[in-house]
Peer 1: 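Pasting a structure below so you can have a look.
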There are 2 protein chains.
Amino acid sequence: MDRIDIPKKAIYRLSIYHRCLQRLVENEQQTVSSTALAKAAGVKPAQLRKDLAYFGQFGTRGLGYPVETLATMIRDVLGREKLQPVVLIGAGNLGSALLRYQGFQKEGFEVVAAFDVDPEGVRARGINVPVFSEKELETRIAQEQVRLAILCVPVNIAQSLANRLVGAGVQGILNFSPVMLDVPAEVVVNNVDLALELEHLSFFVR
Amino acid sequence: MDRIDIPKKAIYRLSIYHRCLQRLVENEQQTVSSTALAKAAGVKPAQLRKDLAYFGQFGTRGLGYPVETLATMIRDVLGREKLQPVVLIGAGNLGSALLRYQGFQKEGFEVVAAFDVDPEGVRARGINVPVFSEKELETRIAQEQVRLAILCVPVNIAQSLANRLVGAGVQGILNFSPVMLDVPAEVVVNNVDLALELEHLSFFVR
DNA sequence: AAGTGTGAAAAGTTTCACAGCG
DNA sequence: CGCTGTGAAACTTTTCACACTT
């Protein structure tokens, strides 16, 4: 597979480009130049062109890129042609906010189930997603063939739940616990550490 | 300033190291080797040593690093000796979850005020942080000399609020809106795009 | 004229491997 | 002997500049 020499960061940017393209589609724009799209995405034009070129030739010289076609190709590359099922573990503060968050649905993900130690308590909070006891985690994930999980549990139990997720067949974990998960090489973990992002700002702000 | 040739990513990792060190302090460990700390932080030992070496010599050969001293030096470098005041703009779903989130406080940040178009509605939800109308944004930020802001507003108004924040003296923005903010060069923006992180996983999961 | 595609140079980052200290 | 500190090598990513197409 020639994915090997594609910069990992280019994949990230692809998502950003896709967002910007969606907005252009809404505005019924037909084509867009690398300069314009790059500006919207916050990158340099040359980088945008190079990123796209990893996947083929989509632009027309002198004209730019066809908005629709480009959006479609990015969806293909990112494996997002169809709705992806996701589960969420730990519906505490952050977890239940994410369950109410519309951004995932909008981008083509469906949170099909949430798990918590206290499913009753979570259901009471007006969450639309079905909430189950964490005991049912393995069976339900296997049943629905879910590959992606969002992990929002306290630090001390994060690793053990990650192990169970992997055992159940999950291949990608979006981890909100501030701890580095130890998982097999074929499983991808993406860490989102909110406090850390704030800390990072501190360094640059005087 | 010799910060110039310190890899930006090293700064990120410093925060991670700090987290791990905090845990060691709790366990009353006196020293730690680069191998052990690197493992906890999810990096290679050589990288850890190199990262620390940018800021001085802290280790003892044959022994390792003094846990306490190292934690203190990282706090110094990151500018986190004392509590940093932060404001939060937009207390919707995500915003109010963040207001309840304990992680920021734990890492030395204090959310001193939140702003929303409907402060009454937000207050009703059992938030401890004082909530004000967004009209008061400029005056209160100036008053409390706040430098950091967490922005959780809808895409369409994110840029205009960013402008107001910058005008009020904010120098760092943790931006949760899926849009690239256009700010003066001296202002730092750190984007956290939740849907994008999930999308990113999609690519690697078959 | 406008704007893509791309090799080659530059910049940035990680890893290696080992000298040197306690 | 164990473990840090570090120069040099290897690798990755970004930027440049321009040939080339419509």
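Only heavy atoms go into these numbers, but all of them, side chains included; no hydrogens, no water, no symmetry mates. Keep in mind it's a predicted model, so treat the numbers as computed, not measured. Order of the sequence lines sets the chain letters (A, B, ...), proteins ahead of strands, with each chain counted from 1.
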Peer 1: So which atom in A:Ala91 and which in A:Arg125 form the shortest heavy-atom distance, rounded to 0.1 Å?
Peer 2: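 Distance-wise, the nearest heavy atoms are O-NH2, 3.3 Å.
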Peer 1: Taking CG in A:Asn27 as the centre, count heavy atoms belonging to other residues, nucleotides or ligands within less than 6.0 Å. Is the count above 12?
Peer 2: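 For A:Asn27, atom CG is crowded (more than 12 foreign heavy atoms under 6.0 Å).
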Peer 1: Collect all protein-nucleotide pairs involving nucleotides 9-11 of chain D in which both atoms are nitrogen or oxygen and the distance is under 3.5 Å.
Peer 2:
none

Peer 1: Do you know which of B:Val155, B:Asp193, B:Val179 makes side-chain contact (heavy atoms from CB on, under 4.5 Å) with A:Arg19?
Peer 2: B:Asp193
Peer 1: Please name the pair of heavy atoms, one in A:Leu88 and one in A:Gly95, separated by the smallest distance, quoted to 0.1 Å.
Peer 2: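 What the structure gives for the nearest pair is CD1-O, 3.8 Å.
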Peer 1: What's the CG-P distance between B:Leu63 and D:dG5, to the nearest Å?
Peer 2: 12 Å
Peer 1: Do A:Glu197 and B:Tyr12 have side-chain N/O donor and acceptor atoms under 3.5 Å apart?
Peer 2: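 There is such a pair (donor and acceptor under 3.5 Å, judged by atom type) between the side chains of A:Glu197 and B:Tyr12.
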Peer 1: Taking C-beta and beyond as the side chain, do B:Gln105 and B:Glu110 meet within less than 4.5 Å on heavy atoms?
Peer 2: no
Peer 1: Output the single nucleotide from D:dA17, D:dT6, D:dT14 whose closest atom is nearest the side chain of A:Gln47.
Peer 2: D:dT14
Peer 1: Take the protein atom CG of B:Leu48 and the nucleotide atom C1' of D:dT4, then report the distance between them rounded to whole Å.
Peer 2: 10 Å
Peer 1: Between A:Asp51 and A:Lys9, does at least one N-O distance fall below 4.0 Å, as a salt bridge requires?
Peer 2: no
Peer 1: Below 3.5 Å between N/O atoms, which protein atoms pair up with nucleotides 18-20 of chain D? Just atom names and distances, please.
Peer 2:
| residue | atom | partner | partner atom | Å |
| --- | --- | --- | --- | --- |
| D:dC20 | O2 | A:Arg61 | NH1 | 3.1 |

Peer 1: Both B:Lys44 and A:Gly62 contact DNA chain C. Which one's nearest nucleotide lies toward the 5' end?
Peer 2: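 Comparing both residues, the 5'-ward one is A:Gly62.
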Peer 1: Is there a residue in residues 26-37 of chain B whose heavy atoms reach under 4.0 Å of DNA chain D, and which residues are they?
Peer 2: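 Listed by number, they are B:Ser33, B:Ser34.
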Peer 1: I need the full list of side chain to side chain donor-acceptor pair (under 3.5 Å) pairs touching residues 148-168 of chain B, with sequence neighbours left out, sorted by first then second residue.
Peer 2: B:Glu134-B:Arg164, B:Glu138-B:Arg164, B:Gln159-B:Asn163
Peer 1: Is B:Thr60 reaching over with its side chain to a backbone N or O of B:Leu63, donor-acceptor style, under 3.5 angstrom?
Peer 2: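 No.
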Peer 1: Taking 5' to 3' order, which nucleotide of DNA chain C is first and which is last to have an atom within less than 4.0 Å of a heavy atom in chain B?
Peer 2: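 Result: C:dT13 to C:dG22.
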Peer 1: Please identify each residue that fulfils side chain to side chain contact (heavy atoms under 4.5 Å, CB included) with B:Thr139, with sequence neighbours left out.
Peer 2: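 So B:Thr139 forms a side chain to side chain contact (heavy atoms under 4.5 Å, CB included) with B:Glu136.
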Peer 1: Of all heavy-atom pairs between B:Leu78 and A:Ser202, which one has the smallest distance, and what is that distance?
Peer 2: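 Shortest heavy-atom separation between B:Leu78 and A:Ser202 comes out as O-CB, 3.4 Å.
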Peer 1: When we call it a touch if two heavy atoms are under 4.0 Å apart, what does A:Lys9 touch: a base, just sugar-phosphate, or nothing?
Peer 2: sugar-phosphate
Peer 1: Do you know which two heavy atoms are closest between A:Phe176 and A:Cys152, and how far apart they sit?
Peer 2: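 Closest approach of A:Phe176 to A:Cys152, heavy atoms only: CD1-SG, 4.0 Å.
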Peer 1: Using heavy atoms to find the nearest nucleotide of DNA chain D for A:Thr60 and A:Lys50 separately, return the residue whose nucleotide is more 5′.
Peer 2: A:Lys50
Peer 1: Is the cationic atom of B:Arg140 (NZ for Lys, CZ for Arg) positioned less than 6.0 Å from the six-membered ring centroid of B:Phe132 and within 45 degrees of its normal?
Peer 2: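 Ring-cation test returns yes.
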Peer 1: Round to a whole Å and report the spacing from CG of B:Asp5 to P of D:dT6.
Peer 2: 13 Å
Peer 1: Round to the nearest Å and state the distance from B:Asp51 atom CG to D:dT4 atom P.
Peer 2: 14 Å
Peer 1: Measuring to OP1 and OP2 of D:dT13, would you say a side-chain N or O of A:Tyr54 lies under 4.0 angstrom away?
Peer 2: no
Peer 1: How close or far is atom P of D:dT12 from atom CD1 of A:Ile11, stated in whole angstroms?
Peer 2: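 Answer to the nearest Å: 15 Å.
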Peer 1: So with a 6.0 Å cut-off around CD of A:Glu186, is the heavy-atom count from everything else above 12?
Peer 2: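 For A:Glu186, atom CD is crowded (more than 12 foreign heavy atoms under 6.0 Å).
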